[in-house]
Amino acid sequence: MPIYQVALPLPKRQLFDYLHEQQNLHPGCRVRVPFGPRELIGVVMSTTQNSPFMSKLKPISQVIDEQPIIDSTMLSLCNWLAGYYHHPIGEVLHTVMPVALRKGESDKPKPIETLRLTQTEPDVIPEVLGRAKKQRELYAELLNHAQTLSVVKQKYTDGVIKGLLEKNLATIELVEDTRIDADFQFNSNVIKPKPNVEQALAITAISQALNKYTCFLLEGITGSGKTEVYLQSIEEVLRNRKQVLILVPEIGLTPQTVKRFENRFGLEVGILHSNLTDNERLLVWQKSRAGKLSIIIGTRSSIFTPMVRPGMIIVDEEHDASYKQQDGLKYSARDLAVIRAKEHNIPLLLGSATPSLESLNNALTHKYQLLQLNQRAGNAVQAKQSVLDITNQPLQAGLAAGMLTRIEQHLKAGNQVMLFVNRRGFAPALLCHQCGHVEECKRCNKPFTVHKSLQKIQCHHCGAARALPKQCKECGHHELITQGVGTEQLSMFLQSQFPQYSAVRIDSDSVRGKAKLDNLLTEINAGAHQILIGTQILSKGHHFPNVTLVVILDADGALFSADFRASEHLAQLITQLSGRAGRAQKLGEMWLQTHQPGHPLLQDLINNGYGHFARFALSERKLASLPPFSFHALFRTESLQAQDGFEFLSHVSQMLQHPQIRIVGPIPAIMEKRQGKYRMQLLLQSHSRAILNQVIGHFSTDIEALPIARKVRWSIDIDPQDFI
DNA sequence: TCAAAACACACT
DNA sequence: GTGTGTTTTGAT
């Protein structure tokens, strides 16, 4: 009897062997297997003749798929993922499958229940129905053609349907779902804008590379018409009867974006986002695999959507942090897109106004082909950026007096202003005026954030909240003061300063749920609010044509951060924010409040733009041998005892000693404690990705087998994006 | 002395 | 990861 090696969803870097009579179970098929006292769903990986567990081999209890649901391309991608990210193969396969398939759902669409008449005498309504008016009505409808049960149920009650069924006049029939049949139709007759010279060059370059792997980095300033380049390139792919997979950041998937694609090509666009149910997700997966969908748009995990006739992958806003998964299999969807495009031999398009230094470096070293769009479409003008020195300046709610005047000018001119603060809530800390004691979360050892409107203090790291204290815990003093400024405070202050205008907060506190954000954005663009105060959300893809003034309250934090990527992220934020303003015909300006007006990074960014800044930042990274000029792998631990994490990482550090690997740590993570767990990390850096990968790969099973490994939660992060 | 909690370990 | 069997802990 053949022995099958099965990948199971466990944090173990091994396959499990099972028996099955059938000779031809293909790799990529799901099976249900007994595992200790329970049953698991795994994926067949390979066949073998003998197993070290011969005596305790159990048989597969059920074969779920006769044909592989993970095709050979996807399977090799999974093997690549397991090797590159040093992650257990079973968990990789689990990550790659839609939830419904993990649970053992069929990969074929469910047949549709259809209501059909049993006799087919035309135009005759049987006497039996007598005066049953509704039943006669339904019968008449069914005379024309059978209808799906769900459609019928919308119009008729269950009683009516039951009536026909009981009289044996109609039956419920299971009909194969044809909604996923391949579809190549698209409308190419839509009037499309004439591309400018740069756009035309980009479109031509992409169109000439449709049948082979090429990675393009489309570096296009905001408003330069990146989307039009996407659209016209997509059209070429559709013409070849191929599919396009488009990845967008988590927040960027708005109904407008989807509409734009649907209207342009007049076809159904598959959408994958976090609010879908498991079955909706599965349907998109099925439709894409069958070739019904020619365009699929989705967030990070969409990179795993199967395609029968892959034609192109697009990653929009490729610098966005949401492409990196932060837990479990810590993959980068952008990097994975490169691997997938190579595997399919199709072009990949990475687009951004503010490309990541990694991608930019690949473009400058000609691994990627750089396409630049430097002209703004129409007569839009880039917002003018300036710094405001706030050293020794009195601040009100974090704003300098000069800035208030400027805000007033813009408001009086009938325009909108937008202010950016990196903190939600009223203030990031509450301290005692008497003894200086700061109220901290016990589980995270971080100050509580004050939420005045809720009369609460809340820890933004673990979510713990309690009532706003009235007196100091240490000395009992009653005068507690807030420290720092959050969106809530700034919004309250500006509303009191300018009562005749409407101030609105845009952060995850005030806009819970996507619909609410969309409503608010509509209100803002209709002019219902004049003062917009928000966090990161403001920088992500939404356009505010009437905003003429953008203020960043505090640009200093990132300039001296422990994270070497902080300045890159600040520059991206500043550039993205300034791209949101002054789009229409209105000239915009952006002001950065800083204590470091002369800081070379700020100056370079403001005077020469992101493109110049990024190239300068790259040269600095090179000097410091930081990524992308070296490669990082980060071991992280979480444990109840700080000592356990230290001990585990010390072992790891000893095992991985290598002349070409620099090891930093074990050191406490930047967030030393979170949710009551102590967090440590060990950073590995090498000039050779191959050596780093090889050494970790060689020892990963030994590390897993360390006795201390059981006492800690540990993980490996390859190409870590942050050191939190 | 017993039961809950913490720990260890196997699972093919 | 999770279910189970084993050891430790602490309150009666």
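Throughout, protein chains are lettered first and strands after them, A, B, ... in sequence-line order, and every chain is numbered starting at 1.
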Spacing of A:Glu39 atom CD relative to C:dG3 atom C1', expressed in whole Å: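 To the nearest whole Å, that distance equals 15 Å.
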Distance in angstrom units between A:Leu40 CG and C:dT2 C1', rounded: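 Value for this atom pair: 9 Å.
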Salt bridge A:Glu439-A:Arg466, side-chain N to carboxylate O under 4.0 Å: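 A:Arg466 and A:Glu439: salt-bridged.
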Note: A:Glu638-A:Arg674 ion pair, threshold 4.0 Å (strictly below):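 So A:Glu638 does not pair with A:Arg674 through a salt bridge.
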Ring-ring centroid check A:Tyr331 A:Phe304, cutoff 6.0 Å: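 Yes, ring centres under 6.0 Å apart.
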Pair A:Phe699 + A:His86: ring centers closer than 6.0 Å: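 No - the distance between ring centres of A:Phe699 and A:His86 does not fall below the 6.0 Å cut-off.
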Touch class at under 4.0 angstrom, heavy-atom based, for A:Pro11 against every strand present: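 Base contact - A:Pro11 has a heavy atom under 4.0 Å of at least one base atom.
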Main-chain N/O of A:Pro34 paired to A:Tyr18 side chain as donor or acceptor, under 3.5 Å: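 Judged by distance alone, yes, a pair lies under 3.5 Å.
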Summary of protein contacts for nucleotides 5-12 of chain B, nucleotide by nucleotide, where a base hit scores B, a sugar-phosphate-only hit scores S (4.0 Å, heavy atoms): ----B-BB
